[in-house]
Number of protein chains: 2
Amino acid sequence: MNPSDDNSGERITEAEQAVMEVLWDRPRQTAAEVCEDVCTTRDWSLATVKTLLSRLVQKGALAAEPDGRRFLYTPLIAREAYVGGESRRLVERLFGGRAASLVAHLAESEALSAADLDEIEALLKELRP
Amino acid sequence: MNPSDDNSGERITEAEQAVMEVLWDRPRQTAAEVCEDVCTTRDWSLATVKTLLSRLVQKGALAAEPDGRRFLYTPLIAREAYVGGESRRLVERLFGGRAASLVAHLAESEALSAADLDEIEALLKELRP
DNA sequence: GCTCGATGATTACGCCTGTAGTCATTGCGA
DNA sequence: TCGCAATGACTACAGGCGTAATCATCGAGC
């Protein structure tokens, strides 16, 4: 089992993910800083960001480190873990847990470019000498 | 663009998907028949299944063909299209649209068994002669 | 013809989510 | 020291989702 596989219960929603992304990109930011980044792209108000930050702290996805009278927010779960969890969930839901089926589907539906195929092939070679 | 890419707006939720699955498996079933299948696995009441069927018809995901005083339900969107849509959405959300990254992630996080890797390898060979 | 059971439609309701306003506090500058 | 501006906490609220009860209807059998 991986550490940082803290997939403990609480789901992270799409809006929440947007907030996580900016903190994964650079941890220890204030609410205002996070907003500066995400409020432009998603057209949110600062209040919205604060709510999402609170919910994420409540869910144990973020740590809030006091810094004077405000907080610096830092992810407690790694992006790796989140991405892994979501991927596994999708594979489970849509392909009965068979990840190869997902790859097959992507390939057949032309979601994979020739370059993608190259990349995957290289990956396979690397994974087993 | 594929036909049956009727990804027209309306999202299908997880509960709804369970209903779709049994109709993808065998189309033209009544509410009672669908329930017979899904009510055991998900522990639902017939009423719940009927609600989900109604919502799916409303969303344009199912056709309701009158059969006497009841309906036979049939998927209007192909499972392929649904699976493709969901997969693309995930790749977009988590990997910035780069499907190869998803495969890489699955491989590195050991979500892919040796058998999976074999299968993918065979797939690649098949995809390009 | 009339009642009963099956069936779809309607309504319900609590929780989650997205989005945001307001309130209370508190550190900082004047 | 005192008021202000920044900040997190609390509250709000509409819409979607999961789950289900109830209602209205209609066909079949007596």
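Here is how names work: the chains are called A, B, and so on, in the same order as the sequence lines, proteins then strands, and each is numbered from 1.
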Practice prompt. Considering only NZ, NE, NH1 and NH2 on the basic side and carboxylate oxygens on the acidic side, decide whether A:Glu21 and A:Arg79 come within less than 4.0 Å.
Written response: yes
Worksheet item: Closer to the 5' end of DNA chain D via nearest nucleotide, is it A:Arg70 or A:Arg55?
Response: A:Arg70
Worksheet item: Below 4.0 angstrom, N of the basic side chain to O of the carboxylate: do B:Arg89 and B:Glu92 qualify?
Response: no
Worksheet item: Quick one: how far along DNA chain D does chain A reach, first to last nucleotide 5' to 3', anything under 4.0 Å to a heavy atom?
Response: D:dA6 to D:dA12
Worksheet item: Below 4.0 angstrom, N of the basic side chain to O of the carboxylate: do A:Glu14 and B:Arg93 qualify?
Response: yes
Worksheet item: Quick one: does A:Leu53's side chain get under 4.5 Å of A:Gln29's, heavy atoms only?
Response: no
Worksheet item: Can you check whether A:Tyr73 reaches A:Val57 side chain to side chain, under 4.5 Å on heavy atoms?
Response: yes
Worksheet item: Salt bridge check: are A:Arg11 and A:Glu16 linked by an N-O gap of less than 4.0 Å?
Response: no
Worksheet item: Would you call B:Leu62 and B:Leu76 a side-chain contact if the rule is heavy atoms closer than 4.5 Å?
Response: no
Worksheet item: Within a strict 4.5 Å, meaning less than it, do heavy atoms of the B:Ile12 and B:Ile77 side chains meet?
Response: yes
Worksheet item: Between B:Tyr73 and A:Thr13, who's closer to the 5' end of DNA chain C by nearest nucleotide?
Response: B:Tyr73
Fill in: Heavy-atom contact window of chain B on DNA chain C, given 5' to 3' at under 4.0 Å
C:dG5 to C:dA12
Worksheet item: Would you find a donor on one side and an acceptor on the other, under 3.5 Å apart, between the side chain of B:Glu33 and the backbone of B:Thr30?
Response: yes
Item to complete: Specify the residues of residues 23-50 of chain B, ordered by number, for which at least one heavy atom lies under 4.0 angstrom from an atom of DNA chain D.
Response: B:Trp44, B:Ser45, B:Ala47, B:Thr48
Worksheet, complete the sentence: Per side chain to side chain contact (heavy atoms under 4.5 Å, CB included), A:Val38 is matched among A:Leu23, A:Leu52, A:Thr48, A:Val22 by A:Val22
